[in-house]
Amino acid sequence: MFSKKEEGSVSLSERWPRASKFILSACAASVAELVTFPLDLTKTRLQIQGESAVHRYGEAAKRTIPYRGMLRTAVGIIQEEGMLKLWQGATPAVYRHIVYSGVRMITYEHLRDSVLGRAEDKSFPLWKAVVGAMTAGAIGQFFASPTDLVKVQMQMEGKRRLEGKPLRFRGVHHAFLKILSEGGIWGLWAGWVPNVQRAALVNMGDLTTYDSVKHFLLLNTSFQDNMITHSIARGLLYKSSTDCLCQAIQSEGFMSLYKGFVPTWMRMAPWSLVFWLTYEQIRRISGISSF
């Protein structure tokens, strides 16, 4: 604890380190999300555009499927809905990352520095990094699941408009309230199990790779803790995730599981790059030690 005299000279980051790190990671994630969100929207549209209708109803069904491929999907959204619609659902996406990235980052740092125990030279065994990253990702996604659900629902509103269907939500807060009124509190966590599983694996790749590579470079090469080093290191139709998997394969084929892979991959790379560069720089500007 700090005395009254000391409190005046202590920065906010030193007084409330975890809260400060939460805010900084949330800010960095918001920047990365806004920059790469159009790719996320394109991925979602690709994944739900409904190729199965062609197999079920024949060639006539193609008229109800306006987009094919990543570029044509993006161009179609711009032409038919307007440029700004590439950011349809961006608000809940930012909300989601404020919760998700904030929780996962402070959880990982706490596990790394206090629970699992990083060495004095800041080396951290790979197996510990994997455990910490997967745990942090799972916890972060669980808390962020309601905002993730709303994000996807809001992204679909543009498609409903094109199909001549009435819009379901007037905005983000209305979407939260409607889902809550129709499904109860647990309705906000619909689909959380596969999302948590995915987040654990994604963070095993993201957090583990960045933390391990960055500190390997700092400990074993002449690289300094700067932007160069930071750059180098750098989703009620289904009963369960298993039922969703089986139905997708039966109706659309095995390769349907990879719809949207290209925009997903193209988004994750720049998202991670923007996030880590922004996060490291605002930590430094705020007087917090490098991640």
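Note that this is a predicted model, so its numbers are computed, not measured.
Cluster partners of M227, by chain and number: L273, L277. The rule joins Ile, Leu, Val, Met, Phe, Trp and Tyr whenever side-chain heavy atoms lie under 4.5 Å apart. Through direct or relayed side-chain contacts under 4.5 Å between Ile, Leu, Val, Met, Phe, Trp and Tyr, V131 connects to W127. When hydrophobic side chains of Ile, Leu, Val, Met, Phe, Trp and Tyr are connected at separations under 4.5 Å, I285 ends up as a singleton with no cluster partners.
W276 places no side-chain N or O within 3.5 Å of a backbone atom of Y210 that could act as its donor or acceptor partner. A donor-acceptor pair under 3.5 Å is absent between the side-chain atoms of K151 and the main chain of P92, judged by distance alone. Judged by distance alone, the side chain of E280 and the main-chain N or O of T278 form no donor-acceptor pair under 3.5 Å.
With a 6.0 Å radius and a threshold of 12 heavy atoms from other residues, nucleotides or ligands, L219 has its CG atom above the threshold. Crowding of F142 atom CZ: a count of heavy atoms from other residues, nucleotides or ligands under 6.0 Å exceeding 12.
Summarising the geometry, atom CG belonging to L207 is positioned 12.0 Å from atom CE belonging to M134; distances are rounded to the nearest 0.5 Å. Taking CZ of R18 as the start and OG1 of T107 as the end, the distance is 9.0 Å to the nearest 0.5 Å. Rounding to the nearest 0.5 angstrom, the gap separating the CD atom in E33 from the CD1 atom in I98 is 10.5 Å. Atom OG of S123 and atom CZ of F216 lie 12.0 Å apart (nearest 0.5 Å). With rounding to the nearest 0.5 Å, the separation of CD in Q79 from CZ in R72 is 10.0 Å. We find the CG-CH2 distance between L149 and W189 to be 10.5 Å, quoted to the nearest 0.5 Å.
L34 and W87 get closest at one heavy-atom pair: O-NE1, 3.0 Å. Pairing each heavy atom of A29 with each of H97, the nearest pair is CB-CB, 3.9 Å. Among all heavy-atom pairs drawn from V35 and P38, the shortest one is O-CD, 4.0 Å. Nearest approach of L24 to S286, heavy atoms of both residues: CD2-OG, 3.6 Å. Nearest approach of A233 to V213, heavy atoms of both residues: CA-CG1, 3.8 Å.
Residues S20 and I288 form a side-chain contact, since some pair of their non-hydrogen atoms from C-beta on lies under 4.5 Å apart. In this structure, the side chains of H230 and Y279 stay at 4.5 Å or more apart for every pair of heavy atoms. Annotation: side chain of T208 is not in contact with side chain of N203 (no heavy-atom distance under 4.5 Å). Side-chain atoms of T147 and Y100, non-hydrogen and from C-beta on, never get closer than 4.5 Å to each other. Counting heavy atoms from C-beta outward, V150 and F169 have side chains that stay 4.5 Å or more apart.
Under the 4.5 Å side-chain heavy-atom criterion for ILVMFWY residues, no single connected hydrophobic cluster contains both L86 and L84.
Looking at residues two or more places apart in sequence or on another chain, you find a side-chain contact (heavy atoms from CB on, under 4.5 Å) between D211 and Y108, R112, F124, H215, F291.
Geometrically, R104 engages F275 in a cation-pi contact, judged by NZ or CZ lying under 6.0 Å from the ring centre and within 45° of the ring axis.
Of the candidates V130, T209, T135, V130 is the only one forming a side chain to side chain contact (heavy atoms under 4.5 Å, CB included) with M204.
Within the structure, every pair that satisfies the salt bridge (Lys or Arg N to Asp or Glu O under 4.0 Å) test and touches residues 19-32, not counting sequence neighbours, is listed here: K21-E109.
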Got a list of side-chain donor-acceptor pairs under 3.5 Å for residues 172-182, not counting sequence neighbours?
unit_1: H174; atom_1: ND1; unit_2: R170; atom_2: N; d: 3.0
unit_1: K178; atom_1: NZ; unit_2: R168; atom_2: O; d: 3.3
unit_1: S181; atom_1: OG; unit_2: L177; atom_2: O; d: 3.3
unit_1: S181; atom_1: OG; unit_2: K178; atom_2: O; d: 2.8

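Side-chain atoms of Y95 and D148 include no donor-acceptor pair closer than 3.5 Å. S290 and D225 are linked by a side-chain donor-acceptor pair at a separation below 3.5 angstrom, with hydrogens and angles left out of the test.
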